[in-house]
Number of protein chains: 2
Amino acid sequence: MRRKPSIEAVAAWIRLMRVQSCVLNTVEHELKEAGFPSLACYDALSELSRAQAGELRPVELEKQMLLPQYATSRLIDRLVDEGLAARRECKADKRGQFVEITEAGRDLQKRMWQAYSAAIEEHVGSKLSDADAAKLCGLLDRLGCSCNEAQALAVRDGASAR
Amino acid sequence: MRRKPSIEAVAAWIRLMRVQSCVLNTVEHELKEAGFPSLACYDALSELSRAQAGELRPVELEKQMLLPQYATSRLIDRLVDEGLAARRECKADKRGQFVEITEAGRDLQKRMWQAYSAAIEEHVGSKLSDADAAKLCGLLDRLGCSCNEAQALAVRDGASAR
DNA sequence: TCACGATTGATGCAGTTGCATCGAGTACGG
DNA sequence: CCGTACTCGATGCAACTGCATCAATCGTGA
């Protein structure tokens with residue numbers, strides 16, 4: 001262990017950091033331009049609308065989104081403030097709650113996907129063939145695994161997906 | 001235009017976002033554990049130490065690091081507060097200044113590289129062959145689009161960006 | 001040489017994030 | 001039933017970020 005990384009590994013690291021932040025910034029900016037809230041907000045709405053009954057425990061949302069607990073708590077605050085979701089009592093566990101997406105939330109999620117998917121197509125899809133995109137997926141997945149485990153455990157204090 | 005992205009493109013996008021943030025968090029966390037400042041700080045020191053005379057105009061640093069102007073200004077504040085860099089008058093242009101890395105800054109940059117490169121090796125290098133790392137680079141570069149210019153040089157010894 | 005637009009860098013403000021910790025509730029062994 | 005350890009979610013605080021705007025200086029064209 002403690003070996004030195006190869007030139008190729010360092011180059012891949014740098015690209016991964018720079019390209020991701022560049023593309024993410026661009027996409028987030030386009031969404032903001034169009035008057036939409038942040039991607040984190042979209043992701044949460046998307047998870048909620050995918051869940052049966054349109055509701056999830058915050059702790060589930062946290063796991064899905066790979067966010068630290070406090071970030072989830074505050075994200076839900078914002079969704080509720082905006083009328084995109086509502087907190088529901090959880091009768092089975094009085095510590096907890098359910099977060100339920102509202103109609104406005106479902107509607108926003110659908111409208112955001114129009115802009116979001118267009119941005120993905122513009123900044124990713126149009127630049128790679130499907131085969132290359134799949135190849136990129138495969139390579140990235142090989143980096144992802146170890147920290148998914150570390151993350152599954154460490155999420156509660158401090159790891160974040162964004 | 002405004003076409004829908006393929007499944008593969010969306011999958012690549014999601015991987016890019018998740019894997020990057022996951023690996024970045026892990027690496028940043030390891031550096032912090034070891035008592036080091038943030039990667040942004042490392043990157044700035046790295047750029048400065050690479051510059052001739054160990055000094056740069058803030059506006060140059062900004063371009064190298066792809067940071068907004070105010071972020072650079074504040075990053076320099078922090079470096080100066082920590083004694084890692086010093087502001088120098090720029091006689092040729094009195095609006096401007098030079099930022100010069102100090103001995104402490106050079107020393108920290110070298111010590112951080114030990115930990116940083118080990119983390120890159122652990123989380124990237126050891127998971128991909130050099131050929132695969134190069135392939136990943138190539139695919140990412142095709143997404144890198146407009147933000148690529150500044151990055152071309154940076155492979156030398158461990159620059160990155162957020 | 002002077003007026004005006006552009007460049008350089010700093011900063012006030014509001015919003016967000018990370019960290020630590022808290023209070024409430026649950027689960028479980030005895 | 002109780003005590004202890006754990007899970008769930010919220011929050012105070014400090015740091016950091018994005019945005020808008022500022023003052024100072026520069027450079028250019030008339």
Side-chain angles (χ1 to χ4, degrees), chain A residues 21 24-33 35 37-41 43-44 55-82 85-100 151-162, chain B residues 21 24-33 35 37-41 43-44 55-82 85-100 161-162:
Chain A
S21 81
L24 175 59
N25 283 340
T26 306
V27 170
E28 285 256 36
H29 193 262
E30 286 179 14
L31 288 177
K32 180 174 289 188
E33 285 281 278
S38 70
L39 266 183
C41 189
D43 287 345
E55 63 181 19
L56 282 174
R57 298 286 297 264
V59 73
E60 297 302 326
L61 196 53
E62 198 177 303
K63 280 169 198 149
Q64 295 292 324
M65 300 184 62
L66 304 179
L67 287 176
Q69 180 270 321
Y70 56 82
T72 311
S73 179
R74 283 163 171 155
L75 179 54
I76 293 168
D77 283 349
R78 266 174 274 152
L79 295 178
V80 171
D81 285 350
E82 305 285 332
R87 293 182 205 268
R88 299 248 171 273
E89 178 189 16
C90 174
K91 297 185 175 170
D93 183 346
K94 286 187 177 167
R95 291 168 303 186
Q97 62 191 230
F98 283 104
V99 180
E100 184 183 20
Q151 192 133 31
L153 307 174
V155 162
R156 186 152 224 290
D157 359 40
S160 148
R162 173 165 340 267
Chain B
S21 80
L24 175 60
N25 282 339
T26 306
V27 170
E28 285 255 37
H29 194 260
E30 285 178 17
L31 288 177
K32 180 173 289 188
E33 286 280 278
S38 71
L39 266 183
C41 188
D43 287 345
E55 63 182 19
L56 281 175
R57 299 285 296 266
V59 74
E60 297 302 327
L61 195 53
E62 198 178 302
K63 279 168 198 150
Q64 294 294 324
M65 298 184 64
L66 305 179
L67 286 177
Q69 180 272 323
Y70 55 81
T72 311
S73 178
R74 283 164 170 154
L75 179 53
I76 293 169
D77 283 349
R78 267 172 273 153
L79 294 178
V80 171
D81 285 349
E82 304 285 334
R87 293 182 204 268
R88 299 246 172 274
E89 180 189 13
C90 173
K91 297 184 178 171
D93 183 345
K94 285 185 177 166
R95 292 169 301 186
Q97 62 190 239
F98 283 104
V99 180
E100 183 183 21
R162 186 163 343 278

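Numbers restart at 1 for each chain; the letters A, B, ... are given by sequence-line order, proteins then strands.
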Would you say R95(A) places a side-chain N or O within less than 4.0 Å of OP1 or OP2 belonging to dC22(C)? no
Side chains of L24(A) and L39(A): does their closest heavy-atom pair fall under 4.5 Å? yes
Write down the distance between CG (D77(A)) and P (dT11(D)), rounded to a whole number of angstrom. 7 Å
Rounded to whole Å, how long is the line connecting atom CG of L67(B) with atom P of dT17(D)? 9 Å
E28(B) CD - dA15(D) P separation (whole Å): 17 Å
Below 4.0 angstrom from OP1 or OP2 of dT8(C), is there any side-chain N or O of R87(B)? no
I'd like to know if R74(A) reaches the base of dG18(C) with its side chain, counting only an N/O donor and acceptor under 3.5 Å. yes
Using a 4.5 Å cut-off on heavy atoms from C-beta on, say whether the side chain of L61(A) contacts that of I76(A). yes
For S73(B) and for K32(B), find the nucleotide of DNA chain C with the closest heavy atom, then tell me which residue's nucleotide is more 5'. S73(B)
Would you indicate what D93(A) reaches in the nucleic acid, counting non-hydrogen atoms under 4.0 angstrom: base, sugar-phosphate, or nothing? sugar-phosphate
If the cut-off is 4.0 Å, is R57(A) near the phosphate of dT7(D), judged by side-chain N/O to OP1 or OP2? no
Measuring only between side-chain heavy atoms, which start at C-beta, is F98(A) closer than 4.5 Å to R57(A)? yes
Please determine if a side-chain N or O atom of Q97(B) lies less than 4.0 Å away from the OP1 or OP2 oxygen of dA10(C). yes
Just how far, in rounded Å, is C1' of dT11(D) from CD1 of I76(A)? 14 Å
Send over the distance from Y70(A) OH to dA14(D) P, rounded to a whole Å. 16 Å
For D81(A) and dA14(C), what is the distance between atoms CG and C1' respectively, to the nearest whole Å? 15 Å
Q69(B) has a side chain; which of dA10(C), dT8(C), dA10(D) sits nearest to it? dA10(C)
Is it the case that the side chain of Q69(B) and the backbone of E62(B) share a donor-acceptor pair, with hydrogens and angles ignored and the cut-off at 3.5 Å? no
M65(B) versus T72(B): any side-chain heavy-atom pair under 4.5 Å? no
Could you tell me the separation between the CG atom of L75(A) and the C1' atom of dG18(C), rounded to a whole number of Å? 16 Å
Could you tell me the separation between the NZ atom of K91(B) and the C1' atom of dT25(D), rounded to a whole number of Å? 18 Å
Examine dT17(C): is either OP1 or OP2 under 4.0 Å from a nitrogen or oxygen in the side chain of R78(A)? Give yes or no. yes
Upstream residue (5' side of DNA chain C) when A92(A) and P58(B) are each assigned their closest nucleotide: P58(B)
Earlier contact from the 5' end, DNA chain D, for E60(A) and K94(B): E60(A)
